[in-house]
Structures are given as structure tokens and as C-alpha cells.
There are 2 protein chains.
Amino acid sequence: MLIAEVSDKYDLSQDTLRYYERIGLIPRVNRNKSGLRDYTEEDCKWVEFIKCMRGAGLPVETLIEYVKLFQLGDATVAARKELLIGQRDQLLTRMEEMKRVLERLDDKIARYEQTIGAKEKALMAHDS
Amino acid sequence: MLIAEVSDKYDLSQDTLRYYERIGLIPRVNRNKSGLRDYTEEDCKWVEFIKCMRGAGLPVETLIEYVKLFQLGDATVAARKELLIGQRDQLLTRMEEMKRVLERLDDKIARYEQTIGAKEKALMAHDS
DNA sequence: AGTTGACTTGGAGTTAACTCCAGAGCGTAC
DNA sequence: GTACGCTCTGGAGTTAACTCCAAGTCAACT
């Protein structure tokens, strides 16, 4: 699978895919005889995983660390688990904060609705 | 209220407070006779609101727009409401994505737990 | 043989959101 | 009256995460 197809499939620019590989955010992709990247299924799974984690805001640095640990093999299983737990907890914290803000926004919107409603009523009264 | 106190109260650096004011993320704060910022209750409410919204990831640009609309007065009530609705929807979308990622992380962590459990079991067997 | 189009690399540029700094003003403490 | 501490302004620097670019390679057409 060439880079163009992967780019289309996961909606990541070719530049981003090359960048991710360069910084070790995904393991190195093999090149074919012409020197072009030839993504395996495995590579694609990494791309998908990283895209997913980045989408939730996990930092690039942390994900690089995860990939590094992964490449070190079975000895790092515990460390990888701990890393994921740390990220999971932070994610949860952020979600909780966002939930509070969501409620606050809903409140504020409801109040704006009231304001507008009141104004319309005033106009109606003026009309009649 | 001087900037130091506001900085302490909301855990925002003085530089950040000045920066927010400079770019219009909070309305201009009055200066006392010596030229120092003297935050009113109103100013503090803005600081708190902006800090809260930024904490949930609402973009600075959008919040500046909101403040601008606010300063234009009652004529912009509807526009402000629409702006908030837009941000609310985006926030919700991001939260949903994060929720999916959270579940995926939990899954992955559970699988790591199994892996580690299995390894321990193997060690036990070897011991006996 | 030459042009086209996709891809390569290394490196520079961009964007958002701060963060830091130099030089100066003001008010109190010695 | 000068040293100290707090704050001021305008502008430069930083960080994270891309994004863009120039120069070159390679295979496939024409």
C-alpha cells in the first residue's frame, strides 16, 4: 500500500504520515525496490491507532514513548500498561472538565433563549 | 484588585492575564492613578469565564469574537447565542470521540492486565 | 529520449497560545 | 534620596504539532 492510499484511507496528509514516521510516532515503514513506502497491514494498524489517540488529544511525545516501549518487546508490557493508565486517567479528567463546561454552556444558551423570548414578546405587545 | 491577586486567585500567570487583555480575550481593565491594572468584580468574572472555557479547549479566536459581540451590546444577543451553540456542539463531538478512545484504552489496559496475569501464572507453575 | 506524475529526503516555515524579557514608572521603607 | 518591590509596555522567544518546499529519483507513457 503506497502512501497516497493510506493518506486517503485515514484522512491524514502524506506530510503528516511521513512526519509521524520521522519522529517515531509510528514504526519505520519498509520501502519497495523504488524506495517508496510500502505500508503493510501492521503499519496501517499503527496509523489508525495513532490517529485515534491523537484525535483524543494524547500528546505526540507520550505516544512516541509508547511506540518505543512496544518495540522493546515483552519486557515493557508493564510499563506500557502504566503509560496507558496514566493517559486514560488524564483523558477522564479532561472529559469531566469538559462536561462541566458543556453544562455551563447549555445554561448560558438557555438564558440567551429566554432573553430573546422576552424581546419577542415585547415586540408582540407593541404590535397589538 | 491588583494583577497579583487575580493571578493567584485564578491560577493564571500575570503574563497570561496581560496577554488575554491585549488580544481582547477579556475586556480592557481600568488602571488606577499609578497606571496599574485594578480588576473589578466584573473583570474577575470575565477572567473566570475565559479560564473555564479555555480549559475545555474553546479556541482563543472564538472567545475573542464572543467578547467583541458582548461589547456591542443587546443587538448581538442572537449572534452570541449562535456562537455558543456552535461551540457547545463541537465540544460535544470532541467528548464523544474522547469517550470512544477512553473505552478503547480501557480495553487495551484490560488486555495488558491479562497478559501480565498469564505471565505471573507461568512463573508460578515454574516455581512449583 | 523526453515529459509526466507520484514519491523521496532534509530542512525551513507556520499556527496557536502562551511565556519571557528589557527598560521604565511609581510608591513605600530605610 | 535612594533602594526595593510591584507593575507597566512593546516586542521577542518558545513549544507543540504539523505543513510546505526544493531538489532529486524512479517508473510509465508518447
Side-chain angles (χ1 to χ4, degrees), chain A residues 1-40 43-44 46-47 49-68 87 90-91 94 97 101, chain B residues 1-40 43-44 46-47 49-68 87 90-91 94 97 101:
Chain A
M1 216 182 207
L2 294 187
I3 198 169
E5 198 176 345
V6 178
S7 169
D8 283 0
K9 187 164 176 186
Y10 297 105
D11 198 32
L12 288 171
S13 78
Q14 300 190 12
D15 270 318
T16 298
L17 286 169
R18 283 189 283 258
Y19 166 69
Y20 279 178
E21 183 179 343
R22 202 167 6 167
I23 64 175
L25 190 44
I26 55 172
R28 174 160 176 95
V29 175
N30 275 336
R31 315 295 143 115
N32 64 18
K33 326 87 208 159
S34 326
L36 308 190
R37 282 174 183 79
D38 188 14
Y39 290 80
T40 63
D43 293 328
C44 287
W46 273 109
V47 169
F49 174 67
I50 291 298
K51 180 187 170 150
C52 174
M53 294 301 134
R54 286 293 302 128
L58 301 227
V60 163
E61 270 230 1
T62 309
L63 293 168
I64 290 176
E65 177 69 13
Y66 181 77
V67 173
K68 262 190 203 136
Q87 291 307 305
Q90 289 186 36
L91 186 54
R94 276 187 286 138
E97 176 160 12
V101 174
Chain B
M1 217 181 203
L2 293 188
I3 197 167
E5 198 177 344
V6 178
S7 168
D8 283 1
K9 185 165 177 185
Y10 297 106
D11 199 32
L12 287 171
S13 78
Q14 300 191 11
D15 270 318
T16 298
L17 286 169
R18 283 188 283 257
Y19 165 69
Y20 280 179
E21 184 179 342
R22 203 170 1 172
I23 64 175
L25 190 44
I26 56 172
R28 172 158 178 99
V29 175
N30 274 337
R31 314 298 142 113
N32 63 18
K33 326 87 210 159
S34 327
L36 307 190
R37 283 174 183 79
D38 188 15
Y39 290 79
T40 64
D43 293 329
C44 287
W46 273 109
V47 170
F49 174 67
I50 291 298
K51 180 187 171 154
C52 175
M53 295 301 135
R54 286 291 305 129
L58 302 229
V60 162
E61 270 231 358
T62 309
L63 293 169
I64 291 175
E65 177 69 13
Y66 181 77
V67 174
K68 262 188 203 136
Q87 291 306 305
Q90 288 185 37
L91 186 55
R94 277 188 285 139
E97 175 160 14
V101 174

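This one's a predicted model, so the numbers in the text were calculated from it and none came from an experiment. Below, chain A is the first sequence line, B the second, and so on; all start at residue 1.
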What integer distance in Å separates [X]:[atom1] from [N]:[atom2]?
{"X": "R18(B)", "N": "dC6(D)", "atom1": "CZ", "atom2": "P", "answer": "13 Å"}
{"X": "E5(A)", "N": "dA6(C)", "atom1": "CD", "atom2": "C1'", "answer": "14 Å"}
{"X": "E21(B)", "N": "dC18(C)", "atom1": "CD", "atom2": "P", "answer": "15 Å"}
{"X": "Y19(A)", "N": "dG11(C)", "atom1": "OH", "atom2": "P", "answer": "16 Å"}
{"X": "L12(B)", "N": "dC18(C)", "atom1": "CG", "atom2": "C1'", "answer": "11 Å"}
{"X": "N32(B)", "N": "dC8(D)", "atom1": "CG", "atom2": "C1'", "answer": "11 Å"}
{"X": "K33(A)", "N": "dC7(C)", "atom1": "NZ", "atom2": "C1'", "answer": "14 Å"}
{"X": "L36(B)", "N": "dT28(C)", "atom1": "CG", "atom2": "P", "answer": "11 Å"}

Margin query: For S34(B) and E61(B), find the nucleotide of DNA chain C closest to each by heavy atoms; which residue's nucleotide sits nearer the 5' end?
Written below: E61(B)
Next item on the list: Assign each of G35(A) and R31(B) to its nearest nucleotide of DNA chain D by heavy atoms, then name whichever residue's nucleotide is nearer the 5' end.
Entry: R31(B)
Checklist line | First of Y39(B) and P59(A) reached from the 5' end of DNA chain D, by closest nucleotide | finding: Y39(B)
Next item on the list: Would you please test E21(A) and R18(A) for side-chain contact (heavy atoms from CB on, under 4.5 Å) and show each step?
Entry: CA-CA 5 Å; E21(A) 183 179 343; R18(A) 283 189 283 258; 5.7 Å; no
For [N], does OP1 or OP2 lie under 4.0 Å from any side-chain N or O of [X]?
{"X": "Q14(A)", "N": "dA6(C)", "answer": "no"}
{"X": "Y20(A)", "N": "dA17(D)", "answer": "no"}
{"X": "R37(A)", "N": "dC7(C)", "answer": "no"}

Checklist line | Charged N-O contact under 4.0 Å between E97(B) and R94(A) | finding: no
Notebook entry, point to check: So what does L2(A) touch, heavy atoms closer than 4.0 Å: a base, only the sugar-phosphate, or nothing?
Noted result: sugar-phosphate
Notebook entry, point to check: Hey, does R22(A) reach any base, or is it just sugar-phosphate, or nothing, if we go heavy atoms under 4.0 Å?
Noted result: base
Next item on the list: Taking atom CG of D11(A) as the centre, report whether more than 12 heavy atoms of other residues, nucleotides or ligands fall under 6.0 Å from it.
Entry: no
Note to self: Using side-chain contact (heavy atoms from CB on, under 4.5 Å), reason through M1(A) and K9(A) one step at a time and then give a plain yes or no.
What the structure shows: CA-CA 11 Å; M1(A) 216 182 207; K9(A) 187 164 176 186; 3.8 Å; yes
Check: Of all heavy-atom pairs between L36(A) and L2(A), which one has the smallest distance, and what is that distance?
Finding: CB-CD2, 4.3 Å
